[in-house]
Structures are given as C-alpha cells and as structure tokens.
Amino acid sequence: METDKIEEATSNAVDIYKGLACSPSVTRGEISFGDNTSLTTVTSIWSQRDIERSENVKFSRSHYISQENHIEVLARSAPTELKSEVWNVQSPSGKLRVIIRSVKSDKQDEKQYIEIWNTQNKEKNIDVKSLDIHGKIYDQDGHFGTLQWSKSEKFLLYVAEKKQPKTESFFEKKPESNSDSSKDPPLRGEEHVFREMWGEQFVDKCHPVLCVFDIEAATTRVLDTTKVLNTEMDMSAGQAIWTPGDSGVVFVGWTNEPFKLGLIYCPQRRNALYHIDLESTTCTQLSEKDKSVRSPRFTPDGKKLVYLQNATYGPHMTCANLIECDWASKNLTTIVGDCFQGEDGISKFPGIYSLEFPTRCWATDNKTLFMSSTWGSKVDIISINIETKTVAKLNEDAEVGVWTVLDVTRDMILASYANPSTPPYLRLGVLNLKEDATYSITWTQLDTPSRISGIKYKINTHTPTGEKAKDHFSNLKYESILVTPTSESNVKPPLVVYPHGGPHSAIVCDFMLYIAGLCKCGYAVLLVNYRGSTGAGKDSIDSLPGNVGTQDVNDVQGAAEEIIKDGNFDKNRVVVMGGSHGGFLTGHLIGQHPKFYRAAVMRNPAINVASMLGSTDIPDWCFVEAGIEYNQSILAGVEDYKKMWERSPIKYVKDVTTPVMIMLGAIDLRVPPKQGHEYYRALKANNVEARMLVYEGNCHPINKVDAEADAFVNIVKWFTKHLSSP
Ligand SMILES: CSCC[C@H](NC=O)C(=O)N[C@@H](Cc1ccccc1)C(=O)O
C-alpha cells in the first residue's frame, strides 16, 4: 500500500515536472525601430529546460508592432533556437549587429569568433585566438561581462581574460640558439602555479581586462588599467561603458589584492568606478573610496553618470544607493540613500534592491530612469527622477508579482511579468508624462499569458511574537508567501515550509518551477522572508548578522505556526526544505523543533560555520553572520570559532529525529560538499534516517537540467514516503 502510494506520487511528479519545465524564462528584450518609424520590433531572448537533451535551450522571438494610435501586435515570428551565441548586440543605428560566438570542437576545445552582421549578411568574422592578445571573451555573467558599440559604430568595447604567458617544464629541451628569441620565451616551472579566480561559478575568470576592438582594422587594444594616478593597481575590470563621444571608458575595477573573495551573489565586494581616457590613457577614480559600486549608466545627453553603490564587506546584499556623477565637474551626489522600515512596515518604499539598471533605462527627459526593484515579497517597477530625487512605483498594486524592466527607449518600456501561477510573458508600455512630472504606463500584453491552473497565492505579514520578540528588532515586520493548491478536496494539503538562502535575499512572487511543481503535486508551500531579507529596509537586513540561528529560525517557525493556526493545514503533515542558508535554517528548525517536521530536505546546507570557514570561497560570510566584524587581514581565534559553531545547525543535531535528505553539488565552491557529509555522518551516528544525493558537475544551485529534474522528483518521493508512514 505505502509502496504503491510512493510509486504513484513519484510517477505523477515526473509528469508534472516535464509539463512545467517547458515554461521558458526571458533573459533579454530589446525594442528597435526600422526605417519606417510606424513599425516597432520587439526582440526577446528566452531560455527553456530541455530534459531530453539535458541542457537549457536558448531561443529568440520577435513581435512586430504598429503604434499608430495604440500598440497593436501585427505579427509574431516563430521561435528560433540560438546556437552558441555568447553575445548578440545591435548597433545604435540598428544597421549592424555583433555576435560573439563560441564553438566547441569534437575535442571540446572552445573557439570564439567576433561576427559583424549588416541587415543582409555577415560582413566580418574574426577568430579571437588569431588576435593573440587576450584570452576568452567574458559572457553576460552579471559582474564583469560587457559588450558595447561605440557611438561611431567603428569600435567595440568588451571584457576578456588577460593573456597568460606560455609555460613549460624545467626539463623541456631548450630551443636551438638561432631560433626566434624575439618571441616571449615560455616561463619554466610555472605550469603548476595557483591562479586565484573569482570563486563559485567563476572558476575560469581570474583577471578580466578591458578590450577595444577596431572593426575596420580587425585589431584589438587591451587597455592598461594598472596605473591609477601614479599608483600601481592590479585590478580586475568589468561593466565597462563608453564615455560621451567615445573618448574614454568608465568601468568597475576590483582589486585583486590581498586575495579574491567569491563574487557571485556578493555585490558588496570592495571596488571602485574608474575613468580611462583613451588618448592620454590616464586612469582616474570617480567613486568614493572603500565602497562597492556597480551598473554605471550615462544619461542620453551624456551630462550625468549614475551608478549603484553600497557599503563594502558586511551583509552580502543590502540596500543600494543611487549616486549621480556630474560628468563635467565629476561632483558626486546621492540621489537615493538608505531606506529603513522602522514602525511603518513594508508598505512604504523600502529602498533600492537590484543588481543593475536595464542596459537602456532613461526616459527622453534625460532625468527619469526606470528599473525593477524588490519590494517586500514582490518586484515592482520604480521610476527615479534624478533632478527631484523622487521615487515612484509604476505597476498597479493589483498585479502582485515580478515585473522585470528589459528595455526603455523613445518613451516606450518593455517588461516581463510573472507570478507563482503564471510563467513570464512580455508587456510593452508607453510612458505618459503626468502633470506632476511623474509617469504612468499604458500597457499592452504581447502574448496571452499561459496561466497554470490549480495554484493560488497570497502574501502574509508577520510580527515577531512571544519570546521571539525579546530581540531589539521586534518592531520590524516580515512577510511570507503562501502558495496553495486550489483543489476542491476537503483534505487539508501537507505544508512545505521553505526558508530562502542568502540569508540576505528574498523569495518573491515569481514563477518558480519547484514551487509550482510542489503545488501541482498537492503541497502548499510557505515561503518565508524572515527579518534579514532584502526588500524590507536596511534595518531589517542589519538585524540578522550575529543573530543567525535564532532570530531567523524564530521568524520561520513563527510564520509556520501562525499559518497552521489558521486551521487550513494539518499540523501533523508539515515538512521543511531549503538551500544553502535555507539548508542552514532547515537544520536549525528540525534541531530546535524536533517533533514539528515530518521530513526535511537540504540543498548544499551550511551546517557548521566554523568548519566551513577554511573552505568556502566567501569566508567573510562566516564572520559577518556570526556577528564578527570582517576585514581581509583577520584570522579567526578560538572565540571566533566558538561563536560560529554556536550559531550552526550542527549544535542541535543530537536532538534531530526528523528524516533528512541532503542534496549536494559536487563542485560547489560556496558551501563545500563536506558540510553535507558532516551532517550526514552526525545523523547516522544518532540513528536518524538520512539519504544523500551527490550531483556530479553541479555547483551551488544544483541547476543543471538533469540534476534539477532528478532532485525535484526525489524531493516529492522523500516527502511522500515520510508523510505516508504512521
Ligand atoms: C557560505 S554560503 C552562505 C549561504 C549562501 N550565501 C551566499 O552565497 C546562500 O544562502 N546562497 C543562496 C544563494 C543566494 C544568495 C544571495 C542571494 C540570492 C541567492 C542559495 O544558494 O540559496
């Protein structure tokens, strides 16, 4: 009986997952205008899981739109699969396009090409290796990657790996003396020297440099950023943009010394914004010292440069500030500063929580920009007027979900919208300037949304209660999202409690494959944005470091008990799952509330912060979240290790009785797999049922198509098994 139930649930989970995995996500969008200004083209790039090929398939779509009186979709192209495209960027005039193509040979060695296309054919194709001046061109990695046309359309600006000298063994036969000694001789004995890279998912990114490609000459110049006003700077450079008139480049520079810390999910790494003049090659720092900056953008008239900035070190994601640099004077002004929740809760503007501005983000007024920003448990479109320093929310309250601004040009805005029951779809809007100098948007759906039936969701607001309110941040509210199956059955669905990772991130009302899948399998899911999450004010974020393992655990448990008290769920059919810091919280929840959860699943869990310190690519996280101020010269002492252990799930493992399934990414550099092994051994030593899955070739997210699919079905199977047993 029990086995049949498990088999049936597993088979059902496979079918549900295969159906939902076809939902594509949009990765880029662009509005363009042909010669005939009455016709507008929207080009979008999508990514879709292909389980049979075990890869994410990329494809492009086009919508052809008339905007005579109103926006009307005249035609849609069929999706076209994009093979091997790393970049695809149209020139400012629309007459040219550059594609960076990456082709793998049978021997799996990768070749890259710079392709220049006009509206009829491929004009140029350059083998990057033949340039012999830099390594691999960086992709759109969200931190370094850049590909920009100059306004003149004669040059391209991109980021590539710095060229490395050839190396050879000490025992290599020396060349004949008459050979060409002009070439750089290979370095002997350097083959095995450790080269620091930028951590998790950046293992092939060690030293990015800025490159300017002359299209006519088909030659590249690597910019020298080592000298900033007479000081030697060994920098990694990225996020580069042309200055007005193409006379220089503005870029973000990260110091490589004293050692590199993991960069992904950590937009608080110490760096600065620099300007290099292409004629004099002088390099000057534009931004303040000891800050973390990102996403530089010039106003269309070139008079102002804006960028995002936050404190360095400290919580990994925090409230960002918008800084304006007057280009003529280089004077800096803070346009939007830190915002705090305080007693007002999350309803007021909580501050900017975004990794970047859209590539094109300005209204034609040269002073209002549009971007997406996390606001509580959703993502809204906000406008920021850099003259009046005012912020406004653009999307209607009625549509609670995730709005992503893809492109803004000629007072048109392209966005995608999604929510827990609706995969992302495109909306094209016209910006309407109101009398108060703010904007409204008239939207047109470019596609009919493919809503998934049987799923409903709502946002709940919680206040820390009971003994949990002892901490001095008890005035701060926090949210959760409850995603529930809408089946007519009068059987109360089992509840999955799901704390997010980070801890400074947020789960938002997005379309999430696992959450929709669990819901279609009959589970309700409670996604908790505990205090310390982004999108709820800087004070919420600052409330958590030093209190992990108690405050966050109390918030998640408090939300779960509050929801169960409403009577819609059976308190004996509650399970818990989480990844990374969410796995950390899962360990705490089953250790501190041992009889509350029937089963647990952890993805790459942080189990013992003390033992992780020496092996994670972000040791600063271990200090900061344990409440210890960090700098790169700090060395942990006994008391530091004690504090880290005290805040770790391993401290409570002796009280755990809940069966646990651990899923590990074998090449995770963020939370090393040995963390999961440490917990697995401790559970087994205490005769607690434990199952461990190790996914080869997977990093911290475990998001390779086959691994992600396997993990989902194993999760449903694990929960079914332990909810079926008495
Ligand atoms: C030493 S690893 C600490 C946990 C980890 N924090 C940062 O990477 C974590 O929880 N990671 C999240 C990923 C994430 C982090 C920040 C914002 C969004 C996502 C996870 O894997 O869920």
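Read the numbers this way: they start at 1 and go in the same order the structure lists the ligands and their atoms. Worth saying up front: this structure is predicted, and the values here are computed from it rather than measured.
Remark: Trp254 CH2 to His143 NE2 distance equals 7.5 Å, nearest 0.5 Å.
Ionic pairing of Glu356 and Arg294 is not present here: no N-O contact between side-chain nitrogen and carboxylate oxygen is shorter than 4.0 angstrom. The residues Lys205 and Asp139 are annotated as salt-bridged, a charged nitrogen and a carboxylate oxygen being separated by less than 4.0 angstrom. Checked for salt-bridge contact, Lys674 and Glu678 miss the test: no charged N lies under 4.0 Å from a carboxylate O.
With hydrogens and angles ignored, the 3.5 Å screen pairs no side-chain donor or acceptor of Asn529 with any backbone N or O of Ala506. Listed for the Asp640 side chain is no donor-acceptor partner under 3.5 Å among the backbone atoms of Phe623. The closest donor-acceptor contact from the side chain of Ser373 to the backbone of Ile352 lies at 3.5 Å or more, if one exists at all.
Under a 4.0 Å criterion applied to the non-hydrogen atoms of Gly579, ligand 1 contributes the atoms 22 (O). Atom numbering of ligand 1 starts at 1 in the shown order; those under 4.0 Å from a heavy atom of Ser505 are 16 (C), 17 (C), 18 (C). Residue contact check: Thr616 has heavy atoms under 4.0 Å from atoms 1 (C) of ligand 1. When each atom of ligand 1 is checked for a heavy atom of His581 under 4.0 Å away, the hits are 4 (C), 9 (C), 10 (O).
Among protein heavy atoms, atom 5 (C) of ligand 1 sits closest to Ser580 OG, 2.9 Å. The nearest heavy-atom contact from the protein to atom 8 (O) of ligand 1 is Arg670 NH1, 2.9 Å. Protein heavy atom closest to atom 3 (C) of ligand 1, with residue, atom name and distance, is Trp621 CE2, 3.2 Å. Scanning the protein heavy atoms around atom 1 (C) of ligand 1, the nearest turns out to be Met612 CE, 3.4 Å. At the top of the distance list for atom 6 (N) of ligand 1, counting protein heavy atoms only, stands Gly502 O, 2.8 Å.
Proximity of His500 to ligand 1, defined as any heavy-atom pair under 4.0 Å, is not found for any part of the residue. The proximity of Glu200 to ligand 1, defined as any non-hydrogen pair under 4.0 Å, does not occur for either the backbone or the side chain. Of all the heavy atoms of Ile264, none lies under 4.0 Å from any atom of ligand 1, so neither backbone nor side chain is involved.
The N/O atoms of His504, backbone and side chain alike, include none that comes under 3.5 Å of an N/O atom in ligand 1. Residue Arg603 places at least one N or O, backbone or side chain, under 3.5 Å from an N or O of ligand 1.
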Apply salt bridge (charged side-chain N to carboxylate O under 4.0 Å, His left out) to residues Asp668 and Arg603 and explain how you reach the verdict. CA-CA 11 Å; Asp668 183 349; Arg603 178 221 3 127; over 6 Å; no
request  = Please test Phe712 against Tyr514 for ring pair (Phe, Tyr, Trp, His ring centres under 6.0 Å), starting from the C-alpha separation and ending with a verdict.
outcome  = CA-CA 7 Å; Phe712 175 80; Tyr514 269 33; 5.4 Å; yes
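Comparing Val671, Asp617, Thr534 against atom 2 (S) of ligand 1, the shortest heavy-atom distance belongs to Val671.
Counting only heavy atoms from C-beta outward, the side chains of Asp542 and Pro315 approach each other to under 4.5 Å.
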